[in-house]
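All remarks here apply to the structure that follows.
Chain identifiers are assigned alphabetically (A, B, ...) following the order of the sequence lines, protein sequences preceding nucleic acid strands; residue numbering begins at 1 within each chain.
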Amino acid sequence: MKLEKEGREKSSKKLEKREKKKPKHSPKEEQNGEQIQSDEHQQGSALSRGLKCEAGDADVNMDIKVDPDKRVHHDGHEDSSSSENNEKLLKSQTKISKEHQNNETKKEQTADLHLKQESDSEQELSITPQTEMKNREDEENREKEEERDKHQHPEEKRKKQSSEQDKPEKRKKIKKEEEKKEKDDKKNKKRKKIEEEKKEKGDKKSNNKRKKIKEEEEKEKDDKKSKKRKKIDEEDKKEKVKKDKKDEKKKEKGKKDKNDEEGKKEKGKKEDKKEEESDKWKWWEEGKSCDAVKWSSLEHKGPYFAPDYEPLPANICFYYDGQQVKLSPLTEEIATFYAKMLDHEYTTKEVFQKNFFKDWRKEMTKEERKLITTLSKCDFTHIHKYFVEKAEEKKNMTKEEKQVLKDEAARLMEEFGYCLLDGHREKIGNFKLEPPGLFRGRGEHPKMGRLKKRIQPEDVAINCSKDSKIPEPPAGHKWKRVQHDNTVTWLASWLENIQKRPKYIMLNPSSKLKGEKDWQKYETARRLKECVKSIRKRYMQDWKSREMKSRQRGVAIYFIDKLALRAGNEKDDESADTVGCCSLRVEHIRLHKHLDGLDHVVEFDFLGKDSIRYYNKVPVEKQVFKNLKLFIKHKDPEDDLFDRISTVNLNKALTESMSGLTAKVFRTFNASTTLQDQLNKLTSDDGTVEEKILSYNRANRAVAILCNHQRAAPKTFEKSMQLLQEKIQKKKEQIEEARKELKEAKQVDKDTPSDKSSKLVEKKQKAVQRLCDQLKKLQLQETDREENKVIALGTSKLNYLDPRITVAWCKKHQVPIEKIFNKTHREKFAWAIDMTDESFQF
DNA sequence: CGCGCCACTTAGAAGCTGTCTA
DNA sequence: TAGACAGCTTCTAAGTGGCGCG
């Protein structure tokens, strides 16, 4: 009763916000709602690519979209290949749900206890079951731990070692002590900061903190620095020598014959690789550096500015109302942005047109503004045609011309693409500033079509070390500011004019700075693996809490854990209406007591990040179902489902359960766990490399489905699929033929046995075998491609799957790593490739 | 506590390129 | 030998989450 009342008295602030949102959003929300609903009726509520999906795509989507626990098909229709696949998925993923269920019984027992203790503070409650669990798990985990320790991040190791030396009973105390210490440290730091800030009023606040840290660091590192400088000099020399060597090699290569080249290319590549490897900085072999200080020296050339606008040739004109109009350069430039996009769907959207026209008019001269008042009277087609022709020309360039462009790009890369960080040459991720253009938001973005202005040096802040060569701004210009903040990783930043968000120039994922962080991320996920049981137990207890907030949090964490939903931060109205877990609204779920033979099914339907539609039907525990019913009681469709919680307090609760734990860790954890489980399950030792790769892709796909990573079906999908099928048919016919020939040869051999005839039989047999192998390969390719139609494997591979799982798998099953990781992957995951042996388990 | 700012990660689309095939 | 296409790279939007402040 009390809960219901609470439910009705929804926290006013969130509601107020929504109320404010309502008028602005209502037309759009209605639109979305309508579309989704009609989709459902017509297509059996297919998972479509947001609202972009065409009706024809729906079937396939339906088959692929499966609930990670017990994936339900929306209309019972499935094709054989994917159903088989889904079964496999299902099996693997029931593991998670089994754990949930196991806990369910335990939960019942502990729930009573929980309620009895309700008068106690929430904190204490949370600690008791947790430590209990820990005790039980300790024994089991210890062995695993030892094994895993080999692979651990030094930082993590350190943390662990300190906590592990103690007996479980003492943990609580020590934990508290640690917390105290941490708090004290923080307090002290804060005090110092405040004092310093008072001293140096003129300076910016954050800079003080950073300066302080830097100064301390610098003192410590004085010795190191001088060494480093020497090192840098040495390395520079080395680099030069190596570059020269490489150039020579390239020249040599060029001289040789084609055939010769083919053979030597491989060798050359290998040599290059070796060289690069020895070149590369194995930062992971060094100890972990300080968390707050990201570098001690940083030098770079600054960003590369977009080339100036080249006015259109005199014969290419813009027409207004049938009249030829010569535009001023800026107006013309903006017109070309629109003209270039003319055959894109964007330009048909009203919002896009409106935003574009408004911003365009702002930049026009007075006369232009007076003349050009209606977009529909503007004729960009001549300009459009010009660019199409230009693109065609570019395509038809000779090899030499193309080479010139390539060389130029390489030169740019060489000049601007690298920085010197702590004496090591590191690749920059995005050294080119974003050129001006029209903003292309994702989904129904209210700002689509707005003008993204050209970035001027005066907009750009530079970050580098004090004693480094400070990058030169373009002639006649100044930087917005130059700072020397070594607590951040960016080299340059500017404020983008549409959303007013900062943008940065940062390092490439292959760099130490990014790599170390990545490694740490996976270590955190592995730590979660250790305590996920107790966390699950805890949130299950929360489902029965007397406090609405705890119940909501319990259910939310359950969704995040089970469905790998994103946290769902609050968003402003000035972006597309997308949600994550905490921002789910009542309208995004539907409750079915029974559905397709299952009990307590929750139907999710919402737009997530990048306006990608999440559609899923999930059977949930009875208690969750009851809670959801409670949460939606007396609420409007556009009210928040979880009105009592936010990502901030959800994450706070998670961090209390495990240091460093936030909602997003669950995605990494669940993704990597799924991959590991699936690989263990799907890989057979006696398969061919191709079959193993298919298994890997299947495992990868299971993860992509879990994380809802989608892509638009390739435009030429149907066609290329048909082609492949024809090929398979042909191969089958060839096999038939070869078999006939084999039979004949056998007959001949039988009738008139001879050396020659028996050899012929052997030969024919081999031919049949070869063709069969080829057929198998093609068929594997077919399945793989079909299953990948709307699923994007790349995102999970790059961001969620601990690369060490893959490396270990490759080593164990003798699959060359190049078959799974392309060059970019190998560069990004160099640390994992180098350090992992085949015994690694996530 | 809630807000705004900031820094960093994650994401799909677009663009590009090298390879295969007719 | 062009042209189709798949896979890779580049681009930049859109998330997450920490921190400081009032």
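- Checked against dT12(C), dC16(B), dA13(C), the side chain of Pro435(A) finds its nearest nucleotide in dT12(C).
- Side-chain nitrogen and oxygen atoms of Lys394(A) include at least one within less than 4.0 Å of the OP1 or OP2 phosphate oxygen of dC16(B).
- Protein atom CE of Met506(A) is 18 Å distant from nucleotide atom P of dT10(C), rounded to whole Å.
- The phosphate of dG15(C) (OP1 or OP2) has a side-chain N or O of Lys571(A) nearer than 4.0 angstrom.
- Toward the 5' end of DNA chain C, the nearer of the two residues Phe821(A) and Lys452(A), judged by each one's closest nucleotide, is Phe821(A).
- Ring-centre distance between Tyr615(A) and Phe606(A): not below the 6.0 Å cut-off.
- Ion pairing between a basic and an acidic side chain is recognised when a charged N comes within 4.0 Å of a carboxylate O; Lys447(A) and Asp359(A) show no such pairing.
- Between Arg667(A) and dA11(B) there is a side-chain polar atom (N or O) within less than 4.0 angstrom of OP1 or OP2.
- The side chain of Phe439(A) lies closest to dA13(C) when the candidates are dA13(C), dT16(C), dA11(B).
- Where Leu495(A) and His344(A) meet DNA chain B, the nucleotide closest to each residue was compared, and Leu495(A) sits on the side nearer the 5' end.
- Regarding contacts with the backbone of dT16(C), every side-chain N or O of Lys517(A) stays at 4.0 angstrom or more from both OP1 and OP2.
- Relative to the side chain of Arg501(A), the nucleotides dT10(B), dC8(B), dG12(B) differ in distance, and dC8(B) lies closest.
- OP1 or OP2 of dT10(B) sits under 4.0 Å from a side-chain N or O of Lys521(A).
- Atom-to-atom distance recorded for His588(A):NE2 and Tyr614(A):OH is 13.5 Å, nearest 0.5 angstrom.
- Atoms CZ (Arg440(A)) and C1' (dA13(B)) sit 8 Å apart, rounded to a whole Å.
- Each of Thr647(A) and His825(A) was assigned the nucleotide of DNA chain C with the nearest heavy atom; the assignment lying further toward the 5' end belongs to His825(A).
- Counting non-hydrogen atoms under 4.0 angstrom, Gly568(A) reaches the backbone sugars and phosphates but no base.
- Taking a 6.0 Å sphere around NZ of Lys394(A), one finds it holds 12 or fewer heavy atoms contributed by other residues, nucleotides or ligands.
- Lys402(A) comes within contact range of no nucleotide atom at all, as no heavy-atom separation falls under 4.0 Å.
- Regarding Asp572(A), its CG atom lies at a distance of 14 Å from the C1' atom of dA13(C), rounded to whole Å.
- Here Tyr504(A) lies in heavy-atom contact (under 4.0 Å) with a base.
- Which of dC8(B), dA11(B), dC1(B) sits closest to the side chain of Lys652(A) comes down to dC1(B).
- Closest approach to the Lys609(A) side chain among dG15(C), dG18(B), dA7(B) is made by dG15(C) (side chain taken as heavy atoms from C-beta onward).
- In this structure, Ser796(A) and Thr489(A) both approach DNA chain B, and ranking their closest nucleotides by distance from the 5' end singles out Thr489(A).
- The phosphate of dA14(C) (OP1 or OP2) has a side-chain N or O of Gln499(A) nearer than 4.0 angstrom.
- Relative to the six-membered ring of Phe387(A), Lys340(A) meets both conditions, a distance below 6.0 Å and an angle of at most 45° to the axis.
- The interatomic distance linking Lys789(A) (NZ) with dG7(C) (C1') rounds to 19 Å, in whole Å.
- Ring pair His300(A)/Phe431(A): centre-to-centre distance not below 6.0 Å.
- The aromatic ring centres of Phe821(A) and Phe829(A) sit less than 6.0 Å apart.
- Separating the CG atom of Asn463(A) from the C1' atom of dC8(B) is a distance of 14 Å, rounded to the nearest angstrom.
- Here the P atom of nucleotide dT12(C) and the CZ atom of Arg454(A) are 13 Å apart, to the nearest Å.
- Put simply, Thr795(A) has no side-chain N or O that comes within less than 4.0 Å of OP1 or OP2 on dA11(B).
- Protein atom CG of Leu491(A) is 13 Å distant from nucleotide atom C1' of dA7(B), rounded to whole Å.
- Contacts of Asn569(A) with the nucleic acid, taken as non-hydrogen atoms under 4.0 Å apart, include base atoms.
- Within the 4.0 Å cut-off from OP1 or OP2 of dG2(B), not a single side-chain nitrogen or oxygen of Ser646(A) is found.
- OP1 or OP2 of dA11(B) lies within a sub-4.0 Å distance of a side-chain N or O belonging to Arg566(A).
- Rounded to an integer number of Å, the gap from Tyr522(A) OH to dT10(B) C1' is 11 Å.
- Applying the 4.0 Å criterion to OP1 and OP2 of dC11(C), one finds that Asn430(A) has every side-chain N and O outside that range.
- The side chain of Lys395(A) places no N or O atom within less than 4.0 Å of a non-bridging phosphate oxygen (OP1 or OP2) of dA2(C).
- Residue Asn651(A) places at least one side-chain N or O closer than 4.0 Å to OP1 or OP2 of dG17(C).
- A sub-4.0 Å separation between OP1 or OP2 of dA14(C) and a side-chain N or O of Ser611(A) is absent.
- For Asp610(A) and Arg442(A), the salt-bridge test passes: some basic side-chain N is under 4.0 Å from an acidic carboxylate O.
- Distances shown here put every side-chain N or O of His445(A) at or beyond 4.0 Å from the OP1 or OP2 atom of dA13(C).
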